[in-house]
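Index from 1, following the sequence.
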Amino acid sequence: MLQTVRYLIGSVGASGFGSKSTAEEVTEASSTGDLKSITAIITGATSGIGAETARVLAKRGARLVLPARTLKAAEDTKARIVSEFPDSEIVVMALDLSSLSSVTTFVSDFESLNLPLNLLINNAGKFSHDYAISEDGIEMTFATNYLGHFLLTKLLLRKMMETAKETGIRGRIVNVSSSIHSWFSGDGLRYLQLITNKRSHYDATRAYALSKLANVLHIKELAHRLKKMEANVSAYCVHPGIVRTRLTRDREGIVTDLVFFLASKLLKTIPQAAATTCYVATHPRVTGVSGKYYADCNEAAPSKLGSNADEARRLWISSEAMIAQRFKTSL
């Protein structure tokens with residue numbers, strides 16, 4: 001109850017920020033507010049939280065790489081940012097996160113640009129009522145929200161480590177998850193197998209919750225591995241808050257409209273929803289922190305399952321196996 005009251009009134013936490021803080025506020029308050037030395041890749045930046053994250057980081061001077069399935073949408077985002085901040089440096093590239101081959105092509109194309117990489121924000125997300133299987137034989141929500149980002153992060157990690165070593169600037173990886181991850185219980189990998197093989201077992205909300213849980217577990221195991229590697233890179237997971245964006249476009253209708261109307265007092269604006277991502281991506285307060293979960297710009301507790309190190313390790317191993325099966329090799 002107390003936590004809800006604090007959320008509603010925007011009470012600040014230990015970070016000095018809270019649920020009402022905006023992305024511009026948290027980056028302006030940061031001593032790293034000038035991001036001219038930072039190159040960032042942001043997935044899902046064509047609308048909503050991702051677009052606001054891109055806009056604010058560009059305002060602070062960061063060079064942006066915006067991968068997107070629809071290049072026109074990414075070009076439109078670039079145009080809007082450049083119209084507001086003419087000196088922005090923005091590269092648009094093709095990427096379909098539901099396709100593992102598209103991920104590998106994107107990474108190859110990015111590496112050919114010979115750019116550094118300080119920041120990776122895995123923001124793209126899909127919530128679809130319709131059942132679908134990716135070209136790699138994986139349930140589409142899991143493939144897009146998690147597995148594509150898992151491979152993207154894995155393939156870009158060497159570049160991030162090299163950049164951190166050469167520049168002395170600690171790299172940061174951010175997974176945008178959701179508190180909905182806590183709605184999933186049970187054996188995630190078993191459920192994934194069930195919904196991949198049998199459409200009758202598919203539930204859109206549970207599939208989405210599983211993908212968001214996977215985002216949380218990914219960061220937990222990634223942080224553990226980065227520490228073992230002594231890499232100068234941190235990993236974070238964030239819950240942006242409840243906000244109506246294009247993520248719900250497959251669920252438009254009277255029921256959805258009514259729910260969002262009744263919950264309007266709990267909804268964040270998009271600038272507020274982008275704040276936690278921008279906070280962990282830029283603020284010096286969290287520079288040495290890794291593997292933690294954040295909400296309202298403060299450290300928070302994920303679900304019990306999301307805190308399970310054994311589950312995080314199991315998911316990582318299974319994810320590598322899925323990718324190896326697709327490419328018949330180990331990446």
In plain terms, say whether K78 and E89 are close enough for a salt bridge, that is, a side-chain N and a carboxylate O under 4.0 Å apart. no
Sub-4.5 Å side-chain heavy-atom contact between L57 and L119: yes
Please indicate whether K159 has more than 12 foreign heavy atoms, meaning atoms of other residues, nucleotides or ligands, lying under 6.0 Å from its NZ. yes
Indicate yes or no for a side-chain donor-acceptor contact from S108 to the backbone of T105 under 3.5 Å, with no hydrogens or angles considered. no
Is it the case that the side chains of N122 and T153 hold a donor-acceptor pair, with the cut-off being a distance below 3.5 Å and no angle test? yes
Using only atom types and a distance under 3.5 Å, with no angle test, would you say the side chain of T276 pairs donor to acceptor with the backbone of C297? yes
Heavy atoms, side chains only, cut-off 4.5 Å: are Y279 and V286 in contact? yes
Strictly below 4.0 Å, N to O, side chains only: are K72 and E75 in salt-bridge contact? no
Charged N to carboxylate O below 4.0 Å: is that the case for E221 and R314? no
Main-chain N/O of K165 paired with N232 side-chain donor or acceptor, under 3.5 Å: no
What residues form a ring pair (Phe, Tyr, Trp, His ring centres under 6.0 Å) with F110, not counting sequence neighbours? none
I would like to know whether R172 and S234 meet side-chain hydrogen bond (donor to acceptor under 3.5 Å, both in side chains); could you show each step before the answer? CA-CA 5 Å; R172 303 191 189 200; S234 291; over 6 Å; no
Has Q272 got a side-chain atom pairing as donor or acceptor with T269's backbone, closer than 3.5 angstrom? yes
Can you tell me if K212 uses its side chain to pair, donor with acceptor, with the backbone of V176 under 3.5 Å? yes
Joining Ile, Leu, Val, Met, Phe, Trp and Tyr whenever any side-chain heavy atoms lie under 4.5 Å apart, the cluster holding V92 also takes in L71
Got a donor-acceptor contact below 3.5 angstrom from the D130 side chain to the S128 backbone? no
Using ring pair (Phe, Tyr, Trp, His ring centres under 6.0 Å) as the criterion, list what pairs up with F142, not counting sequence neighbours. Y146
When you check the gap from the basic side-chain N to the acidic O, do K59 and E84 get nearer than 4.0 Å? no
Other hydrophobic cluster members with Y293, side-chain heavy atoms of Ile/Leu/Val/Met/Phe/Trp/Tyr under 4.5 Å, chained? V216
Can you tell me if S102 uses its side chain to pair, donor with acceptor, with the backbone of L95 under 3.5 Å? no
Contacts of S98 meeting side chain to side chain contact (heavy atoms under 4.5 Å, CB included) (sequence neighbours excluded), chain-then-number -> D96, M140, T144
Donor-acceptor pair, distance only, cut-off 3.5 Å: does the side chain of N145 make one with the backbone of S211? no
SB check D310 K220 (cutoff 4.0 Å): no
Pairs satisfying salt bridge (charged side-chain N to carboxylate O under 4.0 Å, His left out), at least one member in residues 131-140, at least two apart: D136-R326
Within 6.0 angstrom of R225 CZ, more than 12 heavy atoms from elsewhere: yes
Check for me whether the distance between the ring centres of W316 and F150 falls short of 6.0 Å. yes
Check A45 against T77 and note the closest heavy-atom contact, atom names and distance. O-CG2, 3.2 Å
Counting heavy atoms not belonging to E111, are there more than 12 under 6.0 Å from its CD? yes
